[in-house]
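Presented below is the structure to which this report refers.
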Amino acid sequence: MARENALGLSRNDYKGRKSTLCPGCGHDSISNQIISTAYDLGLEQHKLIKLSGIGCSSKTPAYFLGRSHGFNALHGRMPSVATGALLGNRELKAVAVSGDGDTGSIGMGQFKHVIRRNVPFVYIIENNGVYGLTKGQFSATADEGQELKYYGRNDLPPIDLALEAIIAGATFVARSFSGDAKQVQSLLQAAIAHKGTAILDIISPCVTFNNNDASTKSYSYGKEHEIPLHEIQVLAPDYVEGKEEITVGDYEEGEIIEVDMHDGTVVRLKKLDRDHDPRNRLQAISVLEQAQREELFLTGLVYYEEPRPTVQENENIVSEALATLPSSALRPSADQLAEVMASFQ
Amino acid sequence: MARENALGLSRNDYKGRKSTLCPGCGHDSISNQIISTAYDLGLEQHKLIKLSGIGCSSKTPAYFLGRSHGFNALHGRMPSVATGALLGNRELKAVAVSGDGDTGSIGMGQFKHVIRRNVPFVYIIENNGVYGLTKGQFSATADEGQELKYYGRNDLPPIDLALEAIIAGATFVARSFSGDAKQVQSLLQAAIAHKGTAILDIISPCVTFNNNDASTKSYSYGKEHEIPLHEIQVLAPDYVEGKEEITVGDYEEGEIIEVDMHDGTVVRLKKLDRDHDPRNRLQAISVLEQAQREELFLTGLVYYEEPRPTVQENENIVSEALATLPSSALRPSADQLAEVMASFQ
Amino acid sequence: MCAFQAPTSEQSSVSNEPVVNDFAFSVATPNGSGSQTSNNVLVQTLFDMGIPVNGKNLFPSNIKGLPTWYTIRASKDGYTARRATTEIVVAFNGATVAEDVAALPSGGVCIIREDVAKIAPKRDDITVYIVPVKDLMKEAEVPSAFAKRVENMTYVGAVAQLFDIPLDMIEASLLKNFGGKQKPAAMNFAVIQLAYDYFKDNIEKSDPFRFEKMDLTKGKILITGNEAGALGAVFGGVHVVAWYPITPSTSLVDGIISYKHLRKDPETGKSTIAVVQAEDELAAAGMIIGAGFAGARSLTATSGPGISLMAEFAGLAYFAEIPCVFWDITRMGPSTGLPTRTSQGDILFTHYLGHGDSRQFCLLPASPEEAFEFGWRAHDLAEELQAPIFVISDLDLGMNNWMADPFEYPDEPIKRGKVLNAEELQQFIADHGKWGRYMDVDGDGIGYRTIPGTDHPMAAYFTRGTGHDEMAVYSEDSDTWLDNMARIKRKEETGRKLLPQPIEDYDSSKSIGLISFGTNEPAIIEARDWLTSEGVETNYLRVRSLPLAESVLEFVKKHDRIYVIENNFDGQLNQIMRIEYAEHMANVKSLALGDGLPMAARWIVNSILEHEG
Amino acid sequence: MCAFQAPTSEQSSVSNEPVVNDFAFSVATPNGSGSQTSNNVLVQTLFDMGIPVNGKNLFPSNIKGLPTWYTIRASKDGYTARRATTEIVVAFNGATVAEDVAALPSGGVCIIREDVAKIAPKRDDITVYIVPVKDLMKEAEVPSAFAKRVENMTYVGAVAQLFDIPLDMIEASLLKNFGGKQKPAAMNFAVIQLAYDYFKDNIEKSDPFRFEKMDLTKGKILITGNEAGALGAVFGGVHVVAWYPITPSTSLVDGIISYKHLRKDPETGKSTIAVVQAEDELAAAGMIIGAGFAGARSLTATSGPGISLMAEFAGLAYFAEIPCVFWDITRMGPSTGLPTRTSQGDILFTHYLGHGDSRQFCLLPASPEEAFEFGWRAHDLAEELQAPIFVISDLDLGMNNWMADPFEYPDEPIKRGKVLNAEELQQFIADHGKWGRYMDVDGDGIGYRTIPGTDHPMAAYFTRGTGHDEMAVYSEDSDTWLDNMARIKRKEETGRKLLPQPIEDYDSSKSIGLISFGTNEPAIIEARDWLTSEGVETNYLRVRSLPLAESVLEFVKKHDRIYVIENNFDGQLNQIMRIEYAEHMANVKSLALGDGLPMAARWIVNSILEHEG
Ligand SMILES: Cc1ncc(C[n+]2csc(CCOP(=O)(O)OP(=O)(O)O)c2C)c(N)n1
Ligand SMILES: Cc1ncc(C[n+]2csc(CCOP(=O)(O)OP(=O)(O)O)c2C)c(N)n1
Ligand code: SF4
Ligand code: SF4
Ligand SMILES: [Mg+2]
Ligand SMILES: [Mg+2]
């Protein structure tokens with residue numbers, strides 16, 4: 001018998017349609033991590049929506065969470081669609097997928113502003129440094145000086161989308177590698193618990209157009225150069241014992257950072273080679289700035305901040321889903337209309 | 001007799017049409033500084049173009065440099081128009097004006113990307129924290145928590161356009177105050193000499209919709225809170241004596257930073273209260289981050305970097321203006337066509 | 001320029017007979033000088049006097065200083081269209097006084113600021129009253145911070161005294177204008193009183209114009225179309241409003257904000273409407289589409305440039321069949337054009353908005369009543385038709401005060417269209433063997449949708465702008481594509497019948513028909529009477545939606561000659577009619593004028609007489 | 001689905017007579033498997049054999065794996081339209097083999113991979129040849145990195161042997177395909193040879209199809225429309241190219257990049273063309289408009305979604321009168337639609353692109369020759385008309401290989417339009433008293449412009465999308481607005497005559513006329529012959545630009561019945577004709593099919609016979 005999660009569902013029940021991406025595409029790994037995470041957490045799929053822009057990456061929502069409503073929107077415009085959907089129904093959680101072209105080029109404005117509004121959702125950038133679906137043009141995250149078969153040399157410096165996110169006011173920013181399944185899953189788990197825009201910039205190799213060893217977006221480069229900032233463990237809200245156990249016993253002072261998420265989830269970061277406290281904004285910026293300058297592939301939870309009010313909180317809307325309010329809540333009374341009319345007389 | 005500059009022109013000859021902005025609008029001061037700077041430098045107006053988006057700020061190019069071609073383009077899209085114009089004719093210099101709405105909201109994507117391409121021009125943001133022309137909505141640079149008569153409370157954190165510029169790869173980023181005529185002129189002079197995108201984020205009060213003392217974009221706030229990072233002196237390329245004189249005599253080691261611009265212009269920064277070296281990217285980011293956190297109105301040349309290749313250099317186009325190449329340079333020969341045709345046979 | 005035109009020969013002088021409640025006057029001031037309050041008070045008072053009245057604001061795209069005109073027309077016969085000419089001018093702007101005075105008919109009246117009078121051209125054939133603004137203001141001792149804005153109250157006093165407007169009524173509407181706040185009302189009224197007294201004591205009236213109480217506005221309201229539309233949205237159950245500021249649509253969203261409180265949850269005090277100022281129009285469109293996808297009612301308001309920017313999203317909403325409502329408060333284009341001038345120049349572009357074979361549903365309100373009704377109905381229609389609905393109003397309706405009947409409370413329950421909850425979905429599957437988002441089981445082109453959050457394992461589907469089959473699964477198959485397109489076009493036919501049908505005034509004895517839409521209505525009403533008096537009898541049909549209702553064609557067929565009257569350059573309704581009914585257009589003539597001004601009867605009459613004469 | 005249709009009854013079987021140079025075969029493979037090379041080599045070789053041929057690629061919006069079909073049609077009579085049916089299928093894709101085999105006519109041929117054959121449906125009435133790909137590949141000993149891509153060479157060998165294609169010619173075109181590189185050519189050829197030998201030795205031919213050398217392609221070229229358009233731009237003097245990648249327009253810009261070297265400065269080696277990949281379509285549009293403003297020749301290439309996004313900028317270019325060139329390589333819409341399927345569905349929207357009363361000039365190429373010619377001419381026209389020019393091509397022309405005549409070298413000097421340099425400006429002022437950017441001294445609606453950099457104190461003017469007078473000064477005046485619009489519409493009339501005029505094949509004895517545009521051309525040529533053979537004689541006019549040339553109306557008037565044939569859903573050319581000529585459309589019938597495929601003669605013939613029959 002297939003294994004089941006708390007809802008009595010198998011991992012298969014969290015899958016979508018068959019992927020039509022190239023075999024080996026990094027994006028498919030990420031879809032798999034989303035499936036695993038949702039399965040492990042026992043998420044109710046009807047309370048989730050999946051959103052995306054346009055690109056190979058943006059096709060993937062069709063390939064995971066088959067029981068969730070999905071919207072494959074327009075190129076670069078997923079953030080606004082997500083904003084509207086989550087205002088229309090704030091009871092939903094959203095997992096959104098974008099590409100580096102989708103976010104870094106045509107979508108830059110919406111990316112910045114969705115973060116600024118703190119729309120609470122998981123925003124995954126499947127970052128491969130190229131436009132996959134249109135066959136391999138440089139994207140805005142491509143390495144400076146890189147050469148591609150058809151498009152020659154890239155003369156422009158790469159945009160660092162994680163850094164852009166922090167500057168824009170993001171309260172959860174992580175970088176990862178689609179080849180690092182465990183880290184991706186941990187980060188996804190934390191991102192889902194986050195009450196705000198959670199940006200995951202995941203390097204996700206395009207095996208067809210940008211998998212040359214020299215590219216910092218290739219599998220081989222990722223495998224060889226990934227430097228995790230820390231080891232991540234995510235403890236679900238109810239996971240109490242384990243928490244005490246480990247904190248007390250195994251680690252010395254300063255070796256562990258615990259980030260308490262809004263819903264009780266705890267993200268435990270175990271120190272590796274570097275000291276990085278993701279709760280310090282300037283440190284997060286510096287570490288990314290340094291990574292950019294020295295071409296270091298640092299991964300992990302780069303920045304975390306106690307979330308600002310979400311867009312729904314700022315809008316001060318009722319706590320239920322607007323979309324399913326009864327008709328009575330939708331139309332003021334005839335008396336109220338009469339009163340308004342009188343004021344215009 | 002009216003005074004004249006090196007070209008035999010009076011300051012009047014650098015004016016445009018009569019301003020139709022509200023009396024006292026900060027934008028008019030900036031127009032005046034542009035006029036003065038161009039007059040002082042003796043710029044040839046036919047070699048300049050003026051560009052803008054849409055907004056009160058973007059109307060101003062009609063009010064300065066009346067002998068330069070101008071283009072009042074679309075809301076948020078000035079950067080792309082500037083890029084095209086300067087590719088079409090690289091012999092031109094461009095002075096462009098935008099607003100905080102024009103740049104920070106609808107124009108965010110183009111702002112980022114024009115910087116990334118290093119299009120060599122002066123990009124002035126006349127930043128008043130509101131949408132002037134549409135009558136006082138909050139812009140993306142409005143203070144968090146600010147209240148406006150019609151639009152209530154602003155719940156969102158302000159975007160710092162100078163910080164955004166640095167992250168995007170700008171090589172010249174300054175902040176100033178339209179009430180500080182001297183600093184604006186110095187910065188304009190340096191910006192014009194810069195071989196790359198020069199971003200000037202100038203706080204420019206909207207006297208009609210956002211001039212309340214509490215607003216960080218008001219005159220009174222600016223007058224009281226401006227903290228210049230340094231005193232700026234710009235020495236033209238031919239200004240040799242002065243240079244030696246001052247360096248040797250009046251200042252101690254570490255009190256002066258000299259920035260050598262590409263065309264021989266020297267920007268001399270005299271230390272005031274703070275130590276700020278604009279040539280250090282991380283320092284520039286930190287200083288802005290701190291200013292943002294502590295609500296400090298720091299002005300001056302925030303960041304300067306030896307410019308990367310410009311868009312024209314990257315495109316490797318001929319050194320003359322493309323627009324005025326002779327017809328002979330525009331059409332390959334009949335033989336060349338025949339050769340190409342043969343390759344398809 | 002000047003807001004009103006020089007009179008044509010047949011109207012070039014005013015007789016000496018008393019003229020009561022049937023003339024227009026224009027107030028010329030620099031923009032931002034605060035004259036809006038004065039003008040509103042005048043209009044409100046005339047309205048309170050029971051005189052049919054309208055006010056049209058002709059303002060520049062500028063915050064302060066450029067010329068602005070406000071034309072107030074009183075019409076005992078109830079005509080509320082802009083009049084091309086004006087008998088009286090309040091000349092408070094030196095920059096335009098030359099044209100303002102020149103455009104007066106002989107026998108006209110000029111009420112002029114003292115300092116402006118100094119530079120005004122002289123005319124012997126008009127009456128001139130000088131307002132000593134400076135002296136009056138000195139006497140009034142208004143605190144200097146307010147002096148500039150209050151100055152304009154001087155002409156209110158002058159007008160009141162000259163044309164017999166009761167001061168107590170002025171005072172009442174002033175108070176109303178200040179939302180009941182005594183202090184500013186009193187300060188302003190003091191100036192009015194001073195001017196009034198000055199005119200009473202020092203000026204001898206020598207013109208024939210006068211107001212007199214009537215009772216033709218009883219029960220009516222004065223309101224702008226944007227306020228009406230905003231109320232429509234609030235009573236239409238809108239949940240998510242996303243917008244980006246642009247003249248002349250901004251006040252529609254301002255209106256929603258100011259009536260949001262009607263939709264507060266009584267217990268928690270929290271709102272059932274979210275209003276988000278987006279970073280641009282593309283984002284605003286995306287937000288309302290996201291909200292529509294989530295099952296919420298959503299709206300954006302914009303104008304031409306925004307409509308252009310929303311084209312890609314409009315095509316997505318059309319093809320993915322997302323309910324949502326776009327308001328286009330049209331201003332003059334092409335391009336940035338004249339941001340503060342009215343136009344009906346977006347209908348062709350909007351009807352076909354989106355590349356490929358898109359065709360959008362449009363509603364065309366002509367009055368505040370309709371702006372309200374279409375305002376709530378648009379949300380029903382969007383959900384019933386599972387499509388974006390474009391409500392195309394214009395600056396004239398949106399930003400000017402119109403006399404209207406109090407709005408009728410929506411007479412029907414809210415219609416959420418074909419939405420399946422979990423049980424209904426289960427039943428659907430039982431009935432049809434399966435459920436697919438785009439299955440057309442009713443033959444009306446409209447499928448049944450589910451919304452996110454529906455707790456049923458089969459409820460989810462995938463929304464996309466790419467080709468899809470009736471199960472909402474991606475497909476590149478030609479036949480699937482054609483079937484889907486055919487179904488969407490079938491839906492168009494459903495919509496053609498469901499949308500607000502034309503309003504006709506038809507009498508089989510007449511052989512000439514007028515066709516128009518939107519805010520030309522008052523000018524056409526007036527023009528028809530005028531034409532009748534010239535011996536030209538006309539029928540009239542007003543189009544209220546696109547695609548064109550079937551009765552439009554019937555109307556065309558029933559007439560020998562049809563005139564299609566529009567406020568744009570190309571005659572776009574006529575173009576749409578040509579696309580749909582080319583075969584029947586031989587006797588149809590396009591009358592289009594896109595000069596930025598609300599339509600006036602004179603132009604219609606002259607144009608038709610030219611052909612019929 | 002399947003790329004070709006099941007035969008209709010009248011075409012349902014193939015006779016046993018030898019069929020020479022007059023049949024179609026389709027190659028079905030998974031996308032990204034490298035079959036493009038095989039197919040190109042086959043088409044090239046047939047072409048080299050002097051046989052009129054075309055190849056149509058029907059590929060998915062996917063990088064690897066989804067089904068793709070390539071149909072090669074040889075036609076001794078020179079017909080190059082897509083054939084709706086195919087006699088032969090190369091079935092190399094298990095995912096589609098069922099439909100692929102089912103769609104064959106009786107007597108058809110199936111060349112099938114061994115493993116695919118195992119799951120193929122059986123039919124007795126077709127000939128089946130099995131290709132033992134695995135064995136052949138084992139024998140070939142291709143390095144494993146290349147094995148997958150080279151596999152498809154097996155069917156090349158099979159086809160060559162079965163249908164008499166000389167192997168040496170295959171070898172030659174293979175070498176050409178690899179740009180003269182011996183090594184890959186040899187590796188591939190080895191596989192072809194093996195398959196050829198295998199078929200020769202082991203398979204008995206039992207079908208009637210065969211190729212034979214002819215000399216009908218002598219002097220011709222094989223080229224895609226996008227390559228042709230790119231060459232047009234390069235020979236048209238383009239300076240600034242700004243674009244954002246989108247299928248199917250990308251290869252046009254790729255083409256410009258690959259021919260940029262023709263425009264190198266001989267001395268410095270520097271380029272006279274800049275090609276910028278913009279961050280999106282809005283930026284691309286802005287860049288070319290900026291370049292046009294600066295006096296440079298500029299171009300962008302996009303497809304439907306990009307056209308939608310460019311609407312606001314298109315309106316600006318229209319109204320501010322900026323020369324620049326937009327290519328729309330149309331794909332199937334609405335919305336994201338079918339990104340890799342062809343369509344003619346953007347012409348209505350593009351012709352009216354921009355809110356307000358915008359109307360754009362459009363060129364409609366039908367062949368590589370025209371893509372080249374319009375490619376260079378568009379830049380002349382843009383500068384002569386001081387307007388954006390939209391060249392509307394489509395995926396079929398843009399991405400498929402077409403047989404064409406070598407392009408004619410532009411027979412006219414480059415035309416930069418009315419641009420004044422400093423001296424000319426001085427003269428203008430002397431002649432006219434002043435110079436204003438929008439003064440219409442020639443009465444053709446076109447003013448004289450100056451470009452930035454002109455060293456004259458009066459040369460500067462201010463470009464804007466807001467209302468302006470003839471001096472380019474901001475104005476809100478109604479009459480000024482109307483005058484300006486009237487002048488721009490006058491320019492439209494100038495353009496109507498200046499743009500490429502229709503091509504007519506007219507004979508007064510015929511009473512039926514066909515009207516079409518663009519890539520339907522080959523299907524119409526074939527359909528007309530076919531119709532003639534059915535006793536229906538037709539004239540034909542091909543529209544090549546919008547606004548419609550005057551001769552289109554003349555053509556309509558000269559016929560009893562007109563059919564307007566288009567590859568879209570709504571019949572958009574017909575709609576445009578209705579707008580312009582409603583009075584004359586009674587006998588005009590729209591034949592529109594937008595199924596994503598290049599048009600085939602069969603549908604035209606059947607549709608017309610249905611009406612004429
Ligand atoms: C408005 C618009 N412009 C262009 C395209 C063409 N297009 C499709 S995907 C894509 C780029 C995708 O790149 P990225 O977001 O990095 O995704 P990837 O395919 O690399 O995962 C482009 C330009 C489009 N669909 N829509
Ligand atoms: C596409 C588009 N959307 C909206 C507008 C309306 N609009 C004109 S100016 C403006 C905002 C201007 O704000 P900002 O850039 O800060 O300039 P300011 O007036 O404050 O100087 C807006 C929204 C427009 N002209 N075009
Ligand atoms: S092209 Fe690249 S990004 Fe697209 S599916 Fe293939 S490997 Fe993935
Ligand atoms: S509204 Fe504000 S920004 Fe606009 S002109 Fe007036 S003061 Fe300046
Ligand atoms: Mg990518
Ligand atoms: Mg502003």
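Chain A is the first sequence line, chain B the second, and so forth, proteins listed ahead of strands; every chain is numbered from 1.
Put simply, of A:N89, A:T83, A:N316, A:L92, the one with the most heavy-atom pairs under 4.5 Å next to chain C is A:N316. Among A:A82, A:A334, A:G88, the residue making the largest number of heavy-atom pairs under 4.5 Å with chain C is A:A334. The candidate with the highest count of non-hydrogen atom pairs below 4.5 Å against chain C, out of A:R77, A:Q336, A:M78, A:R117, is A:R117. The candidate with the highest count of non-hydrogen atom pairs below 4.5 Å against chain C, out of A:P332, A:A338, A:A85, is A:P332. Top candidate by heavy-atom pairs under 4.5 Å with chain A, chosen from C:K220, C:E312, C:R464, is C:E312. With chain C as partner, the option from A:P79, A:G76, A:S333 having the largest number of non-hydrogen pairs under 4.5 angstrom is A:S333. In terms of heavy-atom pairs under 4.5 Å with chain C, the best-connected choice from A:A342, A:S343, A:G70 is A:G70.
The environment of NZ in A:K195 is crowded: more than 12 heavy-atom neighbours from other residues, nucleotides or ligands sit within 6.0 Å. The number of heavy atoms from other shown groups lying within 6.0 Å of CD (C:E412) is above 12. Counted within 6.0 Å of NE2 on A:H262, heavy atoms from surrounding residues, nucleotides or ligands total 12 or fewer; the atom is thus considered open.
Only the side chain of C:E227 comes within less than 4.5 Å of a heavy atom in chain A; its backbone stays farther off. Using a 4.5 Å cut-off between heavy atoms, C:P413 touches chain A through its backbone atoms (N, CA, C, O) alone. Both the backbone and the side chain of C:I414 have a heavy atom closer than 4.5 Å to some heavy atom of chain A. Heavy-atom distances place the backbone of C:Q277, and not its side chain, under 4.5 Å from chain A. Residue contact with chain A, scored on non-hydrogen atoms closer than 4.5 Å, is absent for C:K218. There is no contact between C:T217 and chain A, counting heavy-atom distances below 4.5 Å. When heavy atoms are compared at a cutoff of 4.5 Å, C:I273 approaches chain A solely by way of its backbone atoms N, CA, C and O. Within the 4.5 angstrom heavy-atom criterion, no atom of C:V419 approaches chain A. C:S298 does not touch chain A: none of its heavy atoms, backbone or side chain, sits under 4.5 Å away. At a 4.5 Å heavy-atom cutoff, C:A242 makes no contact with chain A through either its backbone or its side chain. Only the side chain of C:F372 comes within contact range of chain A, with at least one heavy atom under 4.5 Å from a heavy atom of that chain.
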Which atom pairs, one a donor and one an acceptor, fall under 3.5 Å between side chains of residues 322-330 of chain A and the rest of the protein, sequence neighbours left out?
none

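Inspection of non-hydrogen atoms places A:P61, A:A62, A:G66, A:R67, A:S68, A:H69 of residues 58-69 of chain A under 4.5 Å from chain C. Residues of residues 103-116 of chain A that come within less than 4.5 angstrom of chain C, heavy atom to heavy atom, are A:G109, A:Q110, A:H113 in numerical order. Heavy-atom neighbours of chain C within the stretch residues 34-50 of chain A, taken at a separation under 4.5 angstrom, comprise A:H46, A:I49, A:K50.
Within the 4.5 Å cutoff, the side chain of C:T272 has no heavy atoms near those of the C:K264 side chain.
For the 3.5 Å distance criterion, the side chains of A:Y14 and A:N5 qualify, holding a donor opposite an acceptor.
Salt-bridge annotation for A:E320 and C:K270: absent, with no side-chain N of the basic residue lying under 4.0 Å from a carboxylate O of the acidic one. Ion pairing of C:K415 with C:E383 is absent here, as no side-chain N (NZ or NE/NH1/NH2) approaches a carboxylate O to less than 4.0 Å.
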